[in-house]
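Please read the structure below before turning to the comments.
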Protein chains: 2
Amino acid sequence: MTRRVTSFDVAARAGVSQSAVSRVFSGASASKATSDKVREAADALGYRPNVLARSLITGRSRIIGLVVAYLGNPFYPDALERFSRDLQDEGYHTLVFTVPEGAGDTDTDRIIQQMLDHQVDGIVLASVGLGDALAARCEAAGIPVVLFNRGQIGSGLAQVTSANRLGGAKVAEFLVAGGHTRMGHVAGWQGSSTGRDRTDGFVARLAELGQDCIGVEDGRYDHVEAVRVTDILLGKGVDALFIGNDHMAFAVMDHLRCTLGLSVPNDVSIVGYDDVPMAAFAAYDLTTVRQPVGRMVKTTVAALIHQIEDKSAQAEVTEIDGPLILRGSARIPEGLQ
Amino acid sequence: MTRRVTSFDVAARAGVSQSAVSRVFSGASASKATSDKVREAADALGYRPNVLARSLITGRSRIIGLVVAYLGNPFYPDALERFSRDLQDEGYHTLVFTVPEGAGDTDTDRIIQQMLDHQVDGIVLASVGLGDALAARCEAAGIPVVLFNRGQIGSGLAQVTSANRLGGAKVAEFLVAGGHTRMGHVAGWQGSSTGRDRTDGFVARLAELGQDCIGVEDGRYDHVEAVRVTDILLGKGVDALFIGNDHMAFAVMDHLRCTLGLSVPNDVSIVGYDDVPMAAFAAYDLTTVRQPVGRMVKTTVAALIHQIEDKSAQAEVTEIDGPLILRGSARIPEGLQ
DNA sequence: CGTGCTTTTGCACACCTATGCAATGCCTCG
DNA sequence: CGAGGCATTGCATAGGTGTGCAAAAGCACG
């Protein structure tokens, strides 16, 4: 294993100073002549600038920390893939951290600490909250943070979500239009803004339309829990279920059809939230509110980079609207067909 | 934004030299007395060692590069999550790169180059090949590479896969025992060792059992393609299909049941490969060969760290056996029930 | 108390690049 | 031809840590 080739080596070979080499590779001004000489020498020696040294001195690592909770819900792998790609396109790289399932703020804080250690230029928190202490710490370190698919009011952090309240409302309108009268709701985790907003939007719009929600149960974004509370709602005689995300909806549909022998949508209409790729699979054919992942990710990346380049920038709060995708898991109102 | 607190600041406050601080934090020998003084001062000032500077001088970044092809197949998010967690446990971090769908060696090479720039301590390539030139370059740079779920004979690279040939053979035995006589195979991409090995094992074992494989078609790990070639095989009158991975199997099952109105397993038995979490969903209830992700990941991490710590270590080639998981998508031989 | 040994500590330098500053070269215009 | 302006270049230093080396300190023992 031979020693790395440094900018000095290149400089020596090209007959210029080390600073000249540095300038050529960092895009600063340099005459055509030296630029050519340097590049030629660099190619000959196989020189590549040392990113670590560069980061050390500039204080910018061109690395983004991405914290993601759990990838079992296919919404997140999709987002992760797009983050990685979009950031690569912007010349950034992605340092991924997973926070264990039932992790508290302590774990998250430890992870953020490690990110600070690595001098990441920015942080994306996907479906993860952030303790106030850490938020303050990032602020102090001048590291931008954007929450993805999770809000945190009063935190002063930038955030990108879909229009969750509106989405919930759309489902309410759709089910009422479909002639349903006994709606139930397997909610997304009520500890998350996302879950609460969808629930609020759904229940509020139902009320406006003069309908009652027979029952709301927290499914906690969990397969087993979702099935458990579905049984409770079935006991109340629901004829339609709005489910807090697609991932739970799949479990519920399996339970209804395969365990209980019920028909979807004839016995019960099911509407989900997310429109993960699997929702389009024929086995589920799930009617659901689309979260436009692509646009959400692009917006998040843009917001982050904006903050990185202009530290004084305001923390933006963005909601992105997504359509209700009509498929076969819920009765479709006449005239919409 | 205040200046970072450095080891000099801590040293000054603790009344020792900077080297003492360095030694305390890098675990080298230091007396109890100074160690205490240093830690106290560090806590008071909120000091954290600068990872970049440390990496610059030690040449070890404690970062692992993970290249992953596409996360649409749920096998990979699962693996990714485990990699991240296991590496975190070992004190490493994960820099994720995604290589675009139809990317050639050029793209992969560019990505690896970026990893080298970041001085990663090791590289995991999940379902991604590696050009010979780059392999040589990693070798030269002394950076260990492990292939995950992909073999590359003659590359001299370490690799971890499941026992794909054996797995294919197990499926052959199972289908024959189930009384099937007209077996077809929607193969995994024949450009990958994984796909070829499964196919070879399946076909060879069938032959040993005196059975013929009616047809083999390359599904290229792609939903659409898998469905297309399924139709071809159906035209030949198959009564059982071994499908190169679960992801394709889902698409095929949807096609058979929802589009063609066939019954699985009554009309056609379906067996997949991977045992992704979704395979256990009641809607599919897929009989499949399990790839023990957990053990595969742990083995990969262990092999990588082993090579990092002992550069002269041999590149190990590991195959991990996984059981055939019996579910409802394929006729179960009598006596096995 | 002196000697030999081990542990601890400080000094100085290395790691590799970016950048402020001053000097040099070049070009233009009067 | 000379002066002034601008682009370019080299020098030297900073960025924060780890580590070899030698000096110092601690320790045990005769």
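A, B, ... follow the sequence lines: proteins, then strands. Residue 1 opens every chain.
No side-chain heavy atom of B:Ser127 sits less than 4.5 Å from a side-chain heavy atom of B:Phe75. Inter-residue side-chain proximity for A:Leu66 and A:Leu80 is flagged as met; some heavy-atom pair is nearer than 4.5 Å. Counting only heavy atoms from C-beta outward, the side chains of A:Leu56 and B:Asn50 approach each other to under 4.5 Å. Counting heavy atoms from C-beta on, the side chains of B:Ile111 and B:Val99 come closer than 4.5 Å.
Counting 5' to 3', DNA chain D first comes under 4.0 angstrom of a heavy atom of chain B and last does so at the ends given by D:dG16 to D:dG20.
Comparing the end axes of the helix from C:dC1-D:dG30 to C:dG30-D:dC1, each fitted to five base pairs by superposing C1' atoms of four pairs onto the next four, gives an inter-axis angle of 40° (nearest 10 degrees).
Under the salt bridge (Lys or Arg N to Asp or Glu O under 4.0 Å) criterion, B:Arg54 pairs with no residue at all, not counting sequence neighbours.
For A:Asp121 (side chain) and A:Arg60 (main-chain N/O), no donor-acceptor pair under 3.5 Å exists by modelled atom type. Without hydrogens or angle criteria, A:Arg62 side chain to A:Glu90 main chain gives a donor-acceptor distance under 3.5 Å.
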Nucleotide by nucleotide, 5' to 3', does protein get under 4.0 Å of the base (B), only the sugar-phosphate (S), or neither (-) in nucleotides 14-22 of chain C, counting heavy atoms? BBBBBBB--

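Among the atoms of the strands shown, none is found under 4.0 Å from any heavy atom of B:Ser55.
Here the two rings, on A:Phe148 and A:Phe83, have centers that are under 6.0 Å apart.
Applying the ring-ring contact (aromatic ring centres under 6.0 Å, His included) definition to pairs two or more places apart or across chains, those involving residues 14-42 of chain B are B:Phe25-B:Tyr47. Pairs passing the ring-ring contact (aromatic ring centres under 6.0 Å, His included) check and including a residue from residues 292-320 of chain A, sequence neighbours excluded, do not occur.
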